[in-house]
Number of protein chains: 2
Amino acid sequence: MQLSGRKERILAAIVERYIATGEPVGSKTLLEFSSMPVSSATIRNEMAELSRLGFLDQPHTSAGRVPSQLGYRYYVDKLMNRYELPLNEKRLIEARLSDAGGEPQQILEQAGQVLAELTNCAVVSTTPSDTNAVIRRVELVPLGTHTAMMVMLSSSGILKSRVCRTDSELNLELIETFYNIVSKHFIGKSASEVSIALIQTLALSLGSKSLAISPLLVTLSDLAQMTEQTQLLLEGQSNLLNYADYPNAYELMEFLRRGEPLTNLFSNHKSQGDANVLIGKENLYRELQDSSVIFSHYSVSGKDSGTLGLIGPTRIDYARLIPSLKYLTEIVGNIMSDTLED
Amino acid sequence: MQLSGRKERILAAIVERYIATGEPVGSKTLLEFSSMPVSSATIRNEMAELSRLGFLDQPHTSAGRVPSQLGYRYYVDKLMNRYELPLNEKRLIEARLSDAGGEPQQILEQAGQVLAELTNCAVVSTTPSDTNAVIRRVELVPLGTHTAMMVMLSSSGILKSRVCRTDSELNLELIETFYNIVSKHFIGKSASEVSIALIQTLALSLGSKSLAISPLLVTLSDLAQMTEQTQLLLEGQSNLLNYADYPNAYELMEFLRRGEPLTNLFSNHKSQGDANVLIGKENLYRELQDSSVIFSHYSVSGKDSGTLGLIGPTRIDYARLIPSLKYLTEIVGNIMSDTLED
DNA sequence: GTTTAGCACTCTCGTTGTTAGAGTGCTAAC
DNA sequence: GTTAGCACTCTAACAACGAGAGTGCTAAAC
């Protein structure tokens, strides 16, 4: 649907005003700050029309108008002009990310914190999931006579560790056998190839040592799984408590904490280029019906890897947040790529 | 101050009833479920007396009574009899902790989640801080020609990693030099000994290689610091949203997120044996004036190392939560100790 | 035919008044 | 020391009401 120029101006003004104040916008108020060369009656007529078309809602008869979901959608798609991030803010972001520590989690954590501060939204991010990632290195560090810490690093930079307890004593021979197996069968393999079946076959082929070494192999397989699994990081949830729009914030918070629904949501919208914006009921999850989700995928070494997302009430400042998010995903992708290759 | 037996019974009944229902307790209600062989008038007299002594508060004239901070204190110190954790719950806890993964953070994270579910409170914990901990192992894994990931493991089981970027190419010689330095000067040293001064002296002594290796040493020092720093973990904050007692939950959540105040609080109360209970304004932080904090230190290999704490409204079920917390700290300590020695 | 002034209408929100109910404190009797 | 009884107090819930904001419509103006 295409609206007339004036209707568009009015819709945009209402959206922006409502985003700024949170109050329904009346014809008079609108006139006051949007300086259109018409009277409030004209605006009223246009607003009535916009209501009829479904772009505006009215909390009750004598209140002003509020953008409907459709209204926001039209605004986001056609009316909004994005703010450019000021240069000093860009610099600030880069500075904060560059000393994050280099691991994907650390970078995303920092990015999440920065975004949360910048946007007053909750920020979620997923760790890079590279289906082509392979096991790069495995270390086994003895802690006691029967325990050791195993550390696995994948080619996508993800580091996971786990403590392993063995039944028989962890002597040098055992450790050496383990390293041999690892370098022969696991290094360079993708994590998904470390199946239980493979582990069992291997263990069997070792004969007498089988029993001693199998706890180590099991831990290895656990680690491979952990490496493969994308993780969801969450920052700034408490920002959402500042919006009156959330009467039962608990439900939303728990939803965010659970994680998998969001991971699914992200992976169901793989559109490359621009940021995805889901407004209100466009989210199929009940818990998000009053929220908007903006997310964008970052790519490491040219491949889509993970997602950075913002969650807030539907009346968030799309024009400002989308560019911020886009910028962050770009930077995050760059930093991660830089770390892996150069 | 010592109350008469009957006053004690009444106080205990009021506390328990109020904890259970959240409603002020009147003389009649009290009589109904506490089955004392007296009339409501007698109870009223006793309650009036308890109010005068400061153990009870009255929201308004015609409301029932609510325990005052002093009332809770007396209850916790003298009246409460602790529930024992049912065996099946104990088993459940052990099961969930045993497959946490073995690293202190992982264990504490699991413990926090279990406790949060069990208690409906927010759970905070601090990672073990062992002043005697030493650097146990350092690994340098090349990622690219100029980047590497450095991993440090301390004797207390803490694993930290950081990506390091070098100016000159990361060749085998450089790596070997680095490992030599590490094993000669750092392994077995406590993290606090890795001072900037030491790093600088070392770098200078290396002559021509100095420039190439110093980024690695700087990263090493960063890691040492990270290892030393106690970290605060937080679980189940959103539980607090379920209590009507928190009109501005945001402030509290932010307070918890900030972390250092809590770390201070914990380290200011180093009483060994039993759990510490701070009720309402006994907490000096403004943000905690309406909350109670229960915390207890866990010890690894016999030494006090970190803290597990619960935060909830003052009307939490002390009799149930304290034993749960105690049990968890015990288990956490045991598991961590087991991992390091055996 | 678009725009606008004017006006009646509707709805919310804050205030006020009223009532029912809960719980108290006190007094006098047991 | 305990208890029955009663007057008193305070809140929570509900209704009534007026002010204010904003609308939609109509008829006149441009």
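Each chain gets a letter, A, B and so on, in the order the sequences are listed, and its residues count up from 1.
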key: Nucleotide range of DNA chain C lying under 4.0 Å from chain B heavy atoms   =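 Going 5' to 3' along DNA chain C, contacts run C:dA22 to C:dG25.
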Would you kindly check whether a donor in the side chain of B:Ser62 faces an acceptor in the base of D:dC10, or vice versa, at under 3.5 angstrom?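 Indeed there is one.
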Are side-chain N/O atoms of A:Tyr246 and A:Ser291 paired as donor and acceptor at under 3.5 Å?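 Indeed, the side chains of A:Tyr246 and A:Ser291 share at least one donor-acceptor pair under 3.5 Å.
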Take the protein atom [atom1] of [X] and the nucleotide atom [atom2] of [N], then report the distance between them rounded to whole Å.
| X | N | atom1 | atom2 | result |
| --- | --- | --- | --- | --- |
| B:Met36 | D:dT2 | CE | P | 10 Å |
| A:His60 | D:dA21 | NE2 | C1' | 8 Å |
| A:Arg65 | D:dA21 | CZ | C1' | 13 Å |

Given DNA chain C, 5'-ward residue of the pair B:Arg52 and B:Ala63, judged by closest heavy atom: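 Between the two, 5'-proximity favours B:Ala63.
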Query - Nearest-nucleotide 5' precedence on DNA chain D, B:Thr42 against B:Pro59 - result: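 Checking each residue's closest nucleotide, the 5'-ward one belongs to B:Thr42.
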Between A:Tyr75 and A:Phe55 (judged by ring centroids, cut-off 6.0 Å), do the two rings come close enough to count as a pair?
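No, the ring of A:Tyr75 stays outside the 6.0 Å limit from the ring of A:Phe55, centre to centre.
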My understanding is that only residues two or more places apart in sequence, or in another chain, count here; which of them pass side-chain hydrogen bond (donor to acceptor under 3.5 Å, both in side chains) with A:Thr42?
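Scan of A:Thr42 (side-chain hydrogen bond (donor to acceptor under 3.5 Å, both in side chains), adjacent residues dropped) gives A:Ser39.
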Which value, rounded to the nearest 0.5 Å, describes the distance between A:Tyr318 atom OH and A:Ile316 atom CD1?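 With rounding to 0.5 Å, OH (A:Tyr318) is 5.0 Å from CD1 (A:Ile316).
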**Prompt:** Are B:Arg73 and B:Glu282 within salt-bridge range, i.e. N to O under 4.0 Å?
**Reply:**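 Judged by the 4.0 Å cut-off on N to carboxylate O distance, B:Arg73 and B:Glu282 do form a salt bridge.
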Between the side chains of B:Arg6 and B:Glu46, is the shortest nitrogen-to-carboxylate-oxygen separation below 4.0 Å, so that they form an ion pair?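 Judged by the 4.0 Å cut-off on N to carboxylate O distance, B:Glu46 and B:Arg6 do form a salt bridge.
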At under 4.0 Å between heavy atoms, what does A:Ser40 touch on the DNA or RNA strands: base, sugar-phosphate, or nothing?
->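 Result for A:Ser40 = nothing.
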